[in-house]
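Note sheet for the following structure.
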Amino acid sequence: MINEKQRAELLSGAYGLVRENVPLSTLTTFHLGGPCELLIEVTLEKEALRTIRYLRGNGIPFTILGNGSNTLVRDGGIDGVVVKMGQAFSDVTVDGNIVCAQAGALLSKVAQTSFRAGLTGMEELAGIPGSVGGGVIMNAGAYNKEMKDVVRSVRAINREGSIVTLSPEEMAMGYRTSRMMQEGMVVTELEFALTPGDPEKIREKAQDYAQRRSSKQPLEKYSAGSTFKRPTGHFAGQLIQEAGLRGYTVNDAQVSEKHCGFVINNGNATAKDVLAVISHVQETVKEKFDIELETEVRIIGKE
């Protein structure tokens, strides 16, 4: 909880754009979740650093939120502060074959910027509906391409409240994990190292992946992307389908009939409904195949 003195300090204007009692359903692609006490939207790296130092120094709990695309916020919302790395912190620049992006920039924006500059390497990642900050922390990927394949460096705020610059080796990126995730770092900026290519071929390749994604995934529905991590030697969606759970529904939450690896909100679901679907899927797959399905989506907040 935030005391009145802390609330007044945070609302003073020194820590970015601040709003009170913001419903997080408006900030997540699942369109679910209760409110947060304060939402701080940062616009500069020094603002992010000042904010994180203040929150940690005063023992105020905080959650970092990018595009809200890999996140399920429970119906009770979040105590403390949500620090949003969003549109106000999303500049993208190109210098030769290096693309530099602030953490709040969408992967799609960075990819499209690179395509216009005649750079190849991000075609597979262009359709991932997240920010680059969240994407690099979880080493997001698609079509056998991951963030670690294109990221040259990361700037982040470490637990000591210092800005550090990490090389690819120092990031320790693995399947849906990274050093930044394990150590609770706050990413502020990334550099992508890409390759010059033929602009027409780049556009064709990007369009091909976009068509594959739209034909096989429920992009027209509210979701957080792939709900489950890929179990070793298997595909989560296939296991869920073989378990007879295609279309399994709890109120307005459902296992997508288009792609069983997605749990969707048909419009009026609650986070509790989605969690009930996830739990049933995990229990059924475990019972039928003795395989543990681990969630890829980040589940945060209180009941």
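Any value given below was found using the heavy atoms of this structure, including those in side chains, with hydrogens, waters and symmetry copies removed.
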Please answer whether the main-chain N or O of [Y] pairs with a side-chain N or O of [X] as donor and acceptor at a distance below 3.5 Å.
X	Y	value
Thr43	Ala88	no
Asp95	Ile98	no
Ser215	Gln211	yes
Lys145	Val150	no
Arg74	Lys302	no

Kindly compute the distance separating [atom1] ([X]) from [atom2] ([Y]), expressed to the nearest 0.5 Å.
X	Y	atom1	atom2	value
Thr232	Arg230	OG1	CZ	8.0 Å
Lys229	Leu293	NZ	CG	12.0 Å
Leu245	Gln254	CG	CD	11.5 Å
Phe228	Glu296	CZ	CD	10.5 Å

Hydrophobic clustering (ILVMFWY, side-chain heavy atoms < 4.5 Å, transitive) - are [Y] and [X] grouped together?
X	Y	answer
Leu107	Val136	yes
Ile78	Leu27	yes
Leu239	Val263	yes
Ile291	Ile240	yes
Val281	Leu32	yes

Is any side-chain N of the basic residue among Arg7 and Glu37 closer than 4.0 Å to the acidic one's carboxylate O?
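The answer is yes: the pair qualifies as a salt bridge.
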
Among Glu294, Met138, Met181, find the residue that satisfies the side chain to side chain contact (heavy atoms under 4.5 Å, CB included) test when tested with Arg176.
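Between Arg176 and the candidates, side chain to side chain contact (heavy atoms under 4.5 Å, CB included) is satisfied uniquely by Met138.
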
Looking at Leu72, Val82, Thr71, which hits side chain to side chain contact (heavy atoms under 4.5 Å, CB included) with Ile300?
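Exactly one candidate clears the test, Thr71.
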
Kindly determine whether Thr120 and Glu123 satisfy side-chain hydrogen bond (donor to acceptor under 3.5 Å, both in side chains), including the steps that lead there.
CA-CA 7 Å; Thr120 183; Glu123 293 88 339; 2.6 Å; yes

Not counting sequence neighbours, list each pair that qualifies as a salt bridge (charged side-chain N to carboxylate O under 4.0 Å, His left out) and has a residue in residues 261-282.
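Output for this query is empty, none listed.
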
Leu55 vs Leu10, test: side chain to side chain contact (heavy atoms under 4.5 Å, CB included). Steps then yes/no.
CA-CA 9 Å; Leu55 296 173; Leu10 290 168; 4.2 Å; yes

Met147 vs Met173, test: side chain to side chain contact (heavy atoms under 4.5 Å, CB included). Steps then yes/no.
CA-CA 9 Å; Met147 292 284 283; Met173 297 171 77; 3.9 Å; yes

Give me the atom names and distance for the closest heavy-atom approach of Pro231 to Ala236.
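Nearest pair, atom of Pro231 first, then Ala236: CD-N, 3.8 Å.
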
Could you label the plane-to-plane angle of the Tyr54 and Tyr15 rings as parallel, tilted or perpendicular, counting under 30° as parallel and over 60° as perpendicular?
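The arrangement is tilted - the two ring planes meet at 30° to 60°.
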
Do the ring planes of Tyr143 and Tyr209 sit parallel (below 30°), tilted (30 to 60°) or perpendicular (above 60°)?
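Tilted.
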
Should Phe289 and His234 be marked as a side chain to side chain contact (heavy atoms under 4.5 Å, CB included) after you check the CA-CA gap, both sets of side-chain angles, and the distance that decides it?
CA-CA 11 Å; Phe289 306 113; His234 301 274; over 6 Å; no

Any side chain to side chain donor-acceptor pair (under 3.5 Å) pairs touching residues 180-203, not counting sequence neighbours?
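Non-adjacent pairs meeting side chain to side chain donor-acceptor pair (under 3.5 Å): Glu45-Thr188, Arg152-Glu191, Ser153-Glu191, Thr177-Gln182, Arg179-Glu183.
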
Counterpart residues, side-chain contact (heavy atoms from CB on, under 4.5 Å), relative to Leu49 (two or more places apart)
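With sequence neighbours excluded, Leu49 shows a side-chain contact (heavy atoms from CB on, under 4.5 Å) to Arg53, Ile157, Ile163, given in chain and number order.
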
Less than 3.5 Å apart, any donor N or O on the side chain of Lys221 or Asn265 sitting next to an acceptor on the other?
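Per modelled atom types, Lys221 and Asn265 side chains form no pair under 3.5 Å.
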
Hydrogens and angles aside, do Glu47 and Thr51 bring a side-chain donor and acceptor to less than 3.5 Å of each other?
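Absent: no donor and acceptor within the cut-off.
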
Does Lys288 have more than 12 heavy atoms from other residues, nucleotides or ligands lying within 6.0 Å of its NZ?
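No, NZ of Lys288 has 12 or fewer neighbouring heavy atoms, counting only those of other groups under 6.0 Å.
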
Check step by step if side chain to side chain contact (heavy atoms under 4.5 Å, CB included) holds for Ile2 and Asn58.
CA-CA 10 Å; Ile2 307 168; Asn58 287 275; over 6 Å; no

Residue pair Glu170, Ser167: steps toward the side-chain hydrogen bond (donor to acceptor under 3.5 Å, both in side chains) verdict:
CA-CA 5 Å; Glu170 291 170 322; Ser167 67; 3.3 Å; yes

Taking side chain as C-beta onward, heavy atoms only, is Gln282 less than 4.5 Å from Glu292?
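With C-beta onward as the side chain, the pair stays apart.
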
